[in-house]
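Encoded as structure tokens, the structure appears first; notes follow it.
Counting starts at 1 for both ligands and their atoms, in listed order. These values consider heavy atoms only, across backbone and side chains, with no hydrogens, waters or symmetry-generated copies.
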Amino acid sequence: MPATVVVGTQWGDEGKGKFTDLVAQDASMVVRYQGGHNAGHTLVVDGETFALQLIPSGILSEHVIPIIGNGVVVDPGVLIEEIDALESRGVSTKNLRISGNSHLILPYHQELDALYENHLGDGKIGTTKRGIGPAYADKALRIGLRVQDLLDSEIFKKKLEITMRYINSLLTQVFNHPPMDSNEIAKVYLDDFAPRIVPHIADTVHLVHEELSAKKRILLEGAQATFLDLDYGTYPFVTSSNPVAGGACTGSGVGPLDIDRIIGITKAYTTRVGAGPFTAELFDQVGEHLVDIGHEYGTNTGRKRRVGWLDLVMLRYAARVNSLTELAIAKLDVLDDLEVIKICVAYEFEGERFDWLPHNQSLQNHAIPIYEEFPGWKCDLSETKKRSELPEEAENYLNFIENSLSIPIDLVGVGPGRHQYFSRQN
Ligand code: GDP
Ligand code: IMO
Ligand code: MG
């Protein structure tokens, strides 16, 4: 059986964790394919909340083999903490497998992340300061260390020593920052982290292909989202990897023809954390209401998220670059109390209408949203179990999105809990 991709269509935090957990009920393996612990994927099961950063969101299902793919950047200290936290809550992590080709985040990456942000001043990206960008930069420069380097202490020390000669000149000469000690770092990584990580290292490309050959369904879980993608997002206000569906191939070793289902996870409105353009952003009471009811604060950084209306210009683009086969809508319930709900259907710039995302980003920055208005349903959707129970206004809202994009909407979230959803297709 082929693979399914779960991909964010906006600026992250759409509910990828919740829907991955849900769809994983019919899968045997869940692979995280990019990003690192900048992600925060929330699962709420039987009233218990799990905020996952690196471990795939299939972890709560015993039948699922969780894989950290080669496209991920791994901070081993954070991963060990996450493993311990899950184990202490009775969740087994013994089947977790980590690609030896995934790259390590080292302490200087986190330091450099903060220094680069500081250097940008007012133009800063608003990163999670987890060292993600610098770790991917070292990967591209071919001076990164990989998880498999933990298998051989001599190789690890040698590579670290060479890389840190360059890193320390950057720290001291460019940033006037004290140098960092490669021996100290090697000691922590080899003595403390390696014994915990090494048992999980595996040839994950082989594992995913064995699963595909056995006709099992595997799930490829994206972190971040289309508009945080290094190539397709609102550069430079993006992350340093490729969250789009194409990244699911490069980050897991699954070939494009092995994928037959690509679910675009979409919040019923839009949020963004960090700086960058946001055409349909709200600065009024309605925006505050959405922050409040939607608990729009970062899952692991606690930062308040910026909020706005759903933006079809963004979704049309996301549909194309990800080959979306369906949409899953999260947080429809957050709109329950609104009298009027708006959807941005196009942008306007100097009198010209854009249904398609303007290629020139400065035009995108100054575009004005064109809205279509919908009456709210003004009732509690959180217990909805079937499409037929949905009020007409909510059904109209979803139909409008579906028809505008020509993409079917199947799963719809009406609350954070695992069972708070309904399917529109069944
Ligand atoms: P992710 O990064 O895409 O996995 O999303 P996050 O977990 O960062 O943010 C989504 C937030 O919305 C979490 O707090 C979820 O528990 C919550 N959530 C997910 N789906 C729904 C839903 O349908 N309704 C409500 N009210 N909350 C939801
Ligand atoms: P999940 O997987 C929302 C944002 C940061 C910043 C930009 C770059 O939970 O949806 P980085 O630390 O990656 O270099 O920061 O990307 N960002 C996210 N925003 N959800 C995420 O992950 C994010 N991961 C990174 O806020 O604007
Ligand atoms: Mg998140």
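Of the charged side-chain nitrogens involved, none lies within less than 4.0 Å of a carboxylate oxygen, so that Glu326 and Arg424 do not count as a salt-bridged pair. Using a cut-off of 4.0 Å between Lys/Arg side-chain N and Asp/Glu carboxylate O, Asp84 and Arg196 are scored as salt-bridged. At a threshold of 4.0 Å, the pair Lys304-Glu288 counts as salt-bridged, since one of the basic side-chain nitrogens sits closer than that to a carboxylate oxygen.
Within the 4.0 Å heavy-atom shell around ligand 1 one does not find Arg418.
Each of the atoms 1 (P), 3 (O), 4 (O), 5 (O) of ligand 1 lies under 4.0 Å from some heavy atom of Gly15. Close contacts between ligand 1 and Gly413 involve ligand atoms 23 (O) [criterion: under 4.0 Å to a heavy atom]. Remark: ligand 1 atoms within the under-4.0 Å shell around heavy atoms of Lys16 are 1 (P), 2 (O), 3 (O), 4 (O). Applying the 4.0 Å criterion to heavy atoms of His41 picks out, from ligand 1, the atoms 1 (P), 2 (O), 4 (O), 7 (O).
In the candidate list Gly417, Ala328, Pro416, Gly222, Pro416 is nearest to atom 18 (N) of ligand 1, counting heavy atoms. When Gly40, Gly17, Ala51 are ranked by how near their heavy atoms come to atom 6 (P) of ligand 1, first place goes to Gly40. Ranked by closest heavy atom to atom 22 (C) of ligand 1, the top entry among Ala330, Gly415, Ala39 is Gly415.
Between Trp11 and Phe278, the ring planes are tilted. Angles from 30° to 60° get that label.
Protein residues are said to neighbour a ligand when one of their heavy atoms lies under 4.0 Å from it; for ligand 2 these are Trp11, Gly12, Asp13, Lys16, Asn38, Ala39, Gly40, His41, Ile125, Gly126, Thr127, Thr128, Ala223, Gln224, Leu228, Val238, Thr239, Val273, Gly274, Arg303.
Note that Lys342 lies in the cation-pi zone of Tyr371, set by a 6.0 Å cut-off to the ring centre and a 45° limit from the axis. Stacking of Arg320 on the aromatic ring of Trp356 is recorded, both the 6.0 Å distance cut-off and the 45° axial limit being met.
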Subject >> CA sep, side-chain torsions, deciding dist, call: Glu117, Lys124, salt bridge (Lys or Arg N to Asp or Glu O under 4.0 Å) >> reply: CA-CA 5 Å; Glu117 281 285 85; Lys124 75 175 180 188; 5.6 Å; no

Original post:
Can you check ring-ring contact (aromatic ring centres under 6.0 Å, His included) on Phe349 and Phe354, steps first, answer last?
Top reply: CA-CA 8 Å; Phe349 182 74; Phe354 293 85; 7.1 Å; no

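Asp13 O, 3.7 Å is the protein heavy atom nearest to atom 10 (C) of ligand 1. At the top of the distance list for atom 24 (N) of ligand 1, counting protein heavy atoms only, stands Asp333 OD1, 2.8 Å. Atom 7 (O) of ligand 1 has as its closest protein heavy atom Thr42 OG1, 2.6 Å. The nearest heavy-atom contact from the protein to atom 17 (C) of ligand 1 is Lys331 CE, 3.9 Å. Looking only at protein heavy atoms, the nearest one to atom 19 (C) of ligand 1 is Lys18 CD, 3.8 Å.
Within the structure, the salt bridge (charged side-chain N to carboxylate O under 4.0 Å, His left out) test picks out the following pairs touching residues 20-39 (sequence neighbours left out): Asp21-Arg418.
Partner of Leu52 under the side-chain contact (heavy atoms from CB on, under 4.5 Å) criterion, chosen from Ile59, Leu60, Thr20: Ile59. Considering Thr279, Thr270, Val286 as possible partners of Trp309, the one that fulfils the side-chain contact (heavy atoms from CB on, under 4.5 Å) test is Val286.
Between the side chain of Gln53 and the backbone N or O of His37, at least one donor-acceptor pair lies under 3.5 Å.
For Arg89, the CZ atom counts as densely surrounded, since its 6.0 Å shell holds more than 12 non-hydrogen atoms of other residues, nucleotides or ligands.
At a 4.0 Å heavy-atom cut-off, ligand 1 does not touch Leu43 at all. Contact annotation for Glu296 and ligand 1: no heavy atom of the residue comes within less than 4.0 Å of the ligand.
Taking the six-membered ring where the residue is Trp, the centroids of Phe227 and Phe237 are separated by 6.0 Å or more. With ring centers used as reference points, Phe175 lies under 6.0 Å from Tyr116.
For the 3.5 Å distance criterion, the side chains of His359 and Gln364 fail to qualify, holding no donor opposite an acceptor.
Distances under 2.8 Å from the Mg ion (ligand 3) pick out the protein N/O/S atoms Asp13 OD1, Gly40 O.
Every residue was checked against the side-chain hydrogen bond (donor to acceptor under 3.5 Å, both in side chains) condition with Ser99, not counting sequence neighbours, and none meets it.
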